[in-house]
There are 2 protein chains.
Amino acid sequence: MNKVIDIILQMRRLDGELPKREQRVADFVLANLEQAAYLRQSEIARAAGVSDATVNRFCISLGCEGFRDFKIRLTQSVAVSLQYLGGPGNDNSVSDQLVVQVFGALVDTLNLVRQQLDSEAIEAAIDLLAGARRIAFFGVGGGSANVAREGANRFFRLGVPAEAHADGYFQRMLASTLDKGDLVFAISQSGSPAELLDSVAIAKQYGVKSISLTKRGSELAHATDVAIEIDIPEDHDIYKPSASRLAYIAIIDVLAAGTARRRPEQVKEYLRRIRTSLVPLSSDPGPKPIGD
Amino acid sequence: MNKVIDIILQMRRLDGELPKREQRVADFVLANLEQAAYLRQSEIARAAGVSDATVNRFCISLGCEGFRDFKIRLTQSVAVSLQYLGGPGNDNSVSDQLVVQVFGALVDTLNLVRQQLDSEAIEAAIDLLAGARRIAFFGVGGGSANVAREGANRFFRLGVPAEAHADGYFQRMLASTLDKGDLVFAISQSGSPAELLDSVAIAKQYGVKSISLTKRGSELAHATDVAIEIDIPEDHDIYKPSASRLAYIAIIDVLAAGTARRRPEQVKEYLRRIRTSLVPLSSDPGPKPIGD
DNA sequence: GCCTTCGTGAAAGAAATTTACATTTCAGTG
DNA sequence: CACTGAAATGTAAATTTCTTTCACGAAGGC
């Protein structure tokens, strides 16, 4: 999949320069883009009034390897085009618009974040997380505190003792009780809260490693052993909540998934136990999300 | 092309419920989405270590007519997903793959959820939320409890007294202190926890309206005045965290945004005050996320 | 007018997909 | 613990689809 040439564009570009019968194929395909992907070579041939062979040559004229290749590219191009054209969208009501806006912003933010992720930092973080005996997630303020809780929740399920704290004093106190082998995971979008900086510094005194999830180049990023640095443009439409928290949680998902893969057997067992412990609480015996 | 069932989602949804060998096919395809569209049935069969026929059956299990049909749908879905995820990533390192998988699953889930959202329910919920004097977010278990907190956090910023509780006893107690004009927002993926059902029932006695964010057709959905019902396929790859929580938070985002628009002036003022209260804590005077 | 070149379809050939059937596996039962 | 039946799986044949070859015919240049 080296270069993706848009096949529809290609057809338009070669329009007029193709042999007569091949041109008829092009005309037919362009006029029936949506259905074309579902048709077989012979059906297209018949519909365009030419032979199978001509259809095949047409594909090759377009730069494809054959009909198969052509069909794949056409399907892709059409799918993408329809995407832009909004498919079965009914953007009538106000709430539909809202949904489109909010979800669109989320997806955009996720993309933005994905591009910024540094795989080395991610892997270094997973190394630390997978080896940690105990993980303390620290976040301050409504948003980051919740991300911290989410992190604790995720890792707790992997069998690592994990806890989250939002209180500055408690964070400092806890940090001073940690020991080598433990890990501090500090979360802050601003990267400057004194609570977190202090906690990380205190922990470091006792040989405790630290990871931060924060703004690029922030104080907190410098202070920690591994920094996952992400810049998220704040949306200034104050009626639209920021997508940054979602992005942070997504990153924690990545870390949790990575950690789980490092210790597959353990994780399987812990999840099984947690699942088992929840069974009596529910009447539905089917597979369910763990812990609601 | 009546209804476009996203084949990738379909695979995730059936994940774990497929016969063993077919599951292997699913795993292989999901792990090689970008290439899969270019492979022939026999190549996929060999790569997954099964017979051609099993691959074909796998396609039919997914609801396709056969491999051909499957391939077309897969190509479409992948093309659309790549569109969202901004082109073929660099799948070199393990962590890159992880990121692609986790983010891909998130985006897919968000899309699925978006399709399921019922605009009438959303608008009814926003009506209730915008008119509420006080909102109590209830969730049980690690995941839903966090979603509840997130909800409280969001609405608190809009100037509505909002609180979140994860403890069943406290929920019931609180529910009995609520009055007309207050609102209960119950969150549960299973939709069956007794704590939530009780709390909603208790609140109802005192004329308190309720909203639920839960599984389609669940008990909780029936018990509440407005139900936002969403089915999220649980990912059975236990090494991969579920995306459902993110989706729930996204929905709360939509509700919060909608509520904010109903009372623009008030919200602006509250946000201004909150922002002001945080300024002394930070040296950086620029626009920042509110409350980290 | 004849030769060359290009475009075309028919049909053979190759490849891939689908179906039918036999074998294996596994859960439940006596 | 063997037996039974249903479900899952692989093998191989049948079918369909795609690709290539080849021969014919038309258009244009010498």
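Residue numbering restarts at 1 for every chain, and letters A, B, ... go by the order of the sequence lines. As a basis for the values below, the full set of heavy atoms in this structure was taken, side chains included, without hydrogen atoms, waters or symmetry mates.
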When you get a sec, tell me which of C/dT17, C/dT8, D/dT19 is the closest nucleotide to the side chain of B/Arg68? C/dT17
Can you tell me which nucleotide in C/dT19, D/dT9, D/dC18 comes closest to the side chain of B/Ala53?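 Of C/dT19, D/dT9, D/dC18, C/dT19 is nearest to the side chain of B/Ala53.
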Can you check whether A/Thr54 has a side-chain N or O nearer than 4.0 Å to OP1 or OP2 of C/dG9? yes
D/dT19, OP1 or OP2 - any side-chain N/O from A/Asn56 closer than 4.0 Å? yes
B/Tyr248 ring centre to B/Arg245 NZ or CZ under 6.0 Å, with the angle to the axis within 45°? no
Length of the line joining [X]:[atom1] and [N]:[atom2], which is rounded to integer Å:
X: B/Arg21; N: C/dC26; atom1: CZ; atom2: P; value: 11 Å
X: B/Arg46; N: D/dG10; atom1: CZ; atom2: C1'; value: 16 Å
X: B/Phe58; N: C/dT18; atom1: CZ; atom2: P; value: 13 Å
X: B/Glu65; N: C/dT17; atom1: CD; atom2: C1'; value: 14 Å
X: B/Ile60; N: D/dA7; atom1: CD1; atom2: P; value: 17 Å

Judged by nearest nucleotide, the residue sitting upstream toward the 5' end of DNA chain D, B/Ser51 or A/Phe67, is B/Ser51
Residue mapping more 5' on DNA chain D - nearest nucleotide basis, B/Asp52 or A/Arg57: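 Final value for this comparison: B/Asp52.
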Pairwise distance CD1(B/Ile72) to OG(B/Ser77) - rounded to 0.5 angstrom: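 These two atoms lie 12.0 Å from each other.
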Report yes or no: does A/Glu43 contribute a side-chain atom to a donor-acceptor pair with the main-chain N or O of A/Ala36 at less than 3.5 Å? no
